[in-house]
Enquirer: 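Below you will find the structure I want to go over with you.
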Amino acid sequence: MDMIKSIKGVKDILPEETPRWRLIEDAARRWSLCFGYQEIRIPIFELTALFARSIGAATDIVEKEMYTFPDRDGTSLTLRPEGTAGTVRAFIEHNRAANPLPQKYFYIGPMFRHERPQAGRLRQFHQFGVESFGTSDPRADVEVITLLWRLLSDLALPDLTLEMNSLGSSGDRAAYTPILLSFLSQREPQLCANCRRRMNTNPLRVLDCKVPECRAATEEAPQLTSHLSPEARLHFDHVLAGLTAVGVPYRLNPRLVRGLDYYCLTSFEITSTHLGAQNAVGAGGRYDGLVETLGGPSVPAVGFAVGLERVSLMLPETSSSFGNEYLYYVAAFGENGTRLGLVLLDELRRMGLSSLCDYRATTLKAHLRQADRSRCHYAILLGDDEAARGSIILRNLESKAQEELPLAGLSSLLKSRRPSL
RNA sequence: GUGGGUGUAGCUCAGUUGGUUAGAGCGCCGGAUUGUGGAUCCGGAGGUCGCGGGUUCGAAACCCGUCACUCACCCCA
C-alpha cells in the first residue's frame, strides 16, 4: 500500500522545533499585550466573497492562490490567505465600532496560499499580525511599526531593514498613475517582458521590478511620494518624525509597493538579507477604507503581518537551542519497586514536578540510560532494597551525588525544595 | 504556471570506465558491567538504490518517462 504523505507545501513542526516556535509566539504575545493589543481568534475559513472584496479581485492572491471549495450547499468557501479580512469582518459583525475606540487586536495562526513552495514560502504558513482600529493619527502608524521593530529586535534577528513609503490616498494614486504611465511608455523598449505586461495590470509594480535593466530604466521615473496631496505628505512626515523620535531606524524606499488593494498612505516592510529571495519578514500599512468597503462604518485602521516561518529561519540558534527538560526520572525496578514507583510517579506529577519513566526498562542500567537521554535533572532510584527500607535514592544526574530519603511524603519534600515550580 | 538542481539505511553522505552478497559515520537495540547513565570496545537490527520502462550477458550507475523534494521566476509574510 502506498504511504500517505503530507501535502505539497505543508510542513510538520516536530517536537525538536516546537520550543523555538513557542519562543517566537510567546514574544509576539508579550509585546502585543505590552503595547495594548488584545488577541482575537478568527476562523480559518470564510466566505470567498470576503477575500475577493477586501484583498482585491485582480490580485494574484485572489486570482490564483486561494484554496477555494464549495460547501455542501454550494456556497463558495476559502481557507484564509491572510488575517486582516477576517479580523475586519469580525469587527463589523460584532458591531465593535459601537464600543469605545480605539481598539487594537492581534492574531497568530495558519494561513493558506496555493503557491509553488520555496525557501520561506509554504502553502500552509503562519502569520502573526496586528490591527489598530479607530485612529487616523500618524502616531498609530508609528505604534504598530514600533511594535514590529521591538519584537523582531527582541528576537535578535540579524540585519533587519525597515523600508518606508507612502502610497498616498486613492485620489493621489489615480492622479499619479497616468503620469507614471506616460513616463513608462517612453522607456517601454528597455523594460522586461514582465514589466510591459505590468504596465497594464499594475503599473506601480514596475518600479518594484528586480531586473537591473528595469531598475535603470525607471531610475528617473516620477515618484509617487513627490505627487502626494498635502494631507498625505503631512501624514507621512509625521510618521517618519515619530519613528526618528522613538529611535526606530528606517530607509525610504519610493519603489515599495504593497500587493493588496486595501492599502493607502503609510506602507512599510521589514526585510533581511538572510532569507533568500523571499526577503520580507513582515510588512503592513494603513487601510483606512477597508472597514467601510466591507460594509462597516468609516473607521481608519493600520496594521501589519509577520511571516513566522521566516522569523524561524532567521532565529539565532543560541536563543532556541534549549530542548524540553524534565525534573525527575523514576527508576522503578524489581517487583515491589515497580509497584511503588507507579504511585510515586503520579504523586510527583500531581505536585507539578515534571517526571518521566520508561516502562520498558527492567534494569537500573536501562533506566539510567533513559534518564540521561531524556534530559532529567534527577533520578529517583526505587528497587526492591529501597522498597523494603521504605526509602528511595535521589541521584543528581550531573554531579552523581546521591542521598537516601524516605518514600513517605517524598513528593511534598521535593516540592518544598522547589517552591518556584 | 515556467525553469534549474537533487533523489542510496531513521539522519548526513560514499559508491571507480556498467561487474559477484550496496558501504561509512552518526543514531537505534543488545553485550562487556546480574543495582548505577554519558566514555570505550564488541555485536545486532535496519535498504522496493524515488517509481515505471528501455539498453545490456550484467544497471544504484547509461537512456526515456514519471513522481517527490529543493532553489529560483511570478507573487508575497
Side-chain angles (χ1 to χ4, degrees), chain A residues 2-3 5-11 14 16 55 58-66 81-84 108-129 148 152 192-195 197-198 201-202 205 208-211 256-260 268-272 275-285 303-314 329 331-334 337 358 360-387 393-402:
Chain A
D2 287 346
M3 184 174 58
K5 302 211 290 186
S6 66
I7 297 166
K8 179 197 286 286
V10 317
K11 278 261 194 304
L14 299 171
E16 292 79 3
I55 298 169
T59 58
D60 276 17
I61 292 178
V62 172
E63 269 184 357
K64 51 193 187 193
E65 293 175 2
M66 295 204 304
E82 51 101 55
T84 297
I108 298 180
M111 306 294 165
F112 306 85
R113 292 182 198 172
H114 190 106
E115 303 181 89
R116 281 290 282 271
Q118 72 184 77
R121 193 173 71 185
L122 296 172
R123 289 185 174 180
Q124 174 175 342
F125 59 106
H126 297 79
Q127 283 188 340
F128 155 68
L148 175 57
L152 299 181
C192 70
N194 258 324
C195 280
R197 179 178 54 80
R198 273 192 279 241
T201 57
N202 193 344
R205 289 220 77 89
D208 205 28
C209 186
K210 291 172 196 158
V211 178
L256 177 65
V257 177
R258 302 245 42 81
L260 284 54
F268 58 93
E269 184 168 284
I270 293 187
T271 59
S272 170
L275 272 178
Q278 309 302 318
N279 62 354
V281 194
F304 66 74
V306 175
L308 297 186
E309 276 77 7
R310 295 181 186 180
V311 172
S312 179
L313 280 174
M314 286 196 294
Y329 183 95
F333 58 104
D358 180 356
R360 301 170 311 165
T362 54
T363 64
L364 181 55
K365 177 193 176 70
H367 270 129
L368 284 172
R369 188 173 57 236
Q370 288 303 118
D372 182 49
R373 249 201 298 240
S374 55
R375 310 181 68 157
C376 289
H377 290 114
Y378 298 92
I380 293 172
L381 280 40
L382 178 50
D384 284 343
D385 295 354
E386 289 78 12
I393 293 171
L394 180 68
R395 177 180 176 85
N396 182 319
L397 287 168
E398 283 153 68
S399 68
K400 303 188 180 189
Q402 299 194 162

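Just so we're on the same page: letters track the sequence lines, and every chain starts at 1.
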Enquirer: Any donor and acceptor pair, going by atom type alone, linking the side chain of A:Arg395 with main-chain N or O of A:Ala379 inside 3.5 Å?
Expert: no
Enquirer: For the base of B:G37, is there a side-chain donor-acceptor partner from A:Arg395 under 3.5 Å away?
Expert: yes
Enquirer: Dot-bracket, 5' to 3', for RNA chain B please: Watson-Crick or G-U pairs under 3.5 Å, [ ] where pairs cross earlier ones, | where the partner sits on another strand, dots elsewhere.
Expert: (((((((..((((.....[...)))).(((((.......))))).....(((((..]....))))))))))))....
Enquirer: Would you check if the side chain of A:Arg123 reaches a backbone N or O of A:Phe112 as a donor-acceptor pair within less than 3.5 Å?
Expert: no
Enquirer: Hey, does the side chain of A:Gln370 reach the backbone of A:His367 with a donor-acceptor pair shorter than 3.5 angstrom?
Expert: no
Enquirer: Give the rounded distance in Å between these two atoms: CG of A:Leu14 and C1' of B:G10.
Expert: 12 Å
Enquirer: For the side chain of A:Phe333, starting at C-beta, report the closest nucleotide among B:C29, B:G35, B:G30.
Expert: B:G35
Enquirer: Output the rounded distance in Å from CZ (A:Arg369) to C1' (B:A39).
Expert: 14 Å
Enquirer: Check the distance between B:U36's P and A:Leu381's CG and give it to me in whole angstrom.
Expert: 10 Å
Enquirer: Separation of A:Asp372 atom CG from B:G37 atom C1', in whole Å?
Expert: 5 Å
Enquirer: Over how many whole Å does the gap from A:Arg373 atom CZ to B:C26 atom C1' extend?
Expert: 14 Å
Enquirer: Given atom CD1 of A:Ile393 and atom P of B:U36, what is their separation to the nearest angstrom?
Expert: 11 Å
Enquirer: Are OP1 or OP2 of B:U34 and a side-chain N or O of A:Lys365 less than 4.0 angstrom apart?
Expert: no
Enquirer: Mind calculating the distance between CD1 (A:Ile7) and P (B:C69) to the nearest angstrom?
Expert: 11 Å
Enquirer: When you check the phosphate oxygens OP1 and OP2 of B:C69, does a side-chain N or O of A:Lys11 lie under 4.0 Å from one of them?
Expert: no
Enquirer: So, under a plain 3.5 Å distance rule, would you say the side chain of A:Glu386 forms a donor-acceptor pair with the base of B:G35?
Expert: yes
Enquirer: Tell me the interatomic distance from A:Gln370, atom CD, to B:G35, atom P, rounded to whole angstroms.
Expert: 18 Å
Enquirer: Go along nucleotides 72-77 of chain B 5' to 3' and tag each nucleotide: B for a protein heavy atom under 4.0 Å from its base, S when only backbone or sugar atoms are that close, - otherwise.
Expert: BBBBBB
Enquirer: Kindly assign one of parallel, tilted or perpendicular to the pair A:Phe268 and A:Phe304, based on the angle between their ring planes and the thresholds 30° and 60°.
Expert: perpendicular
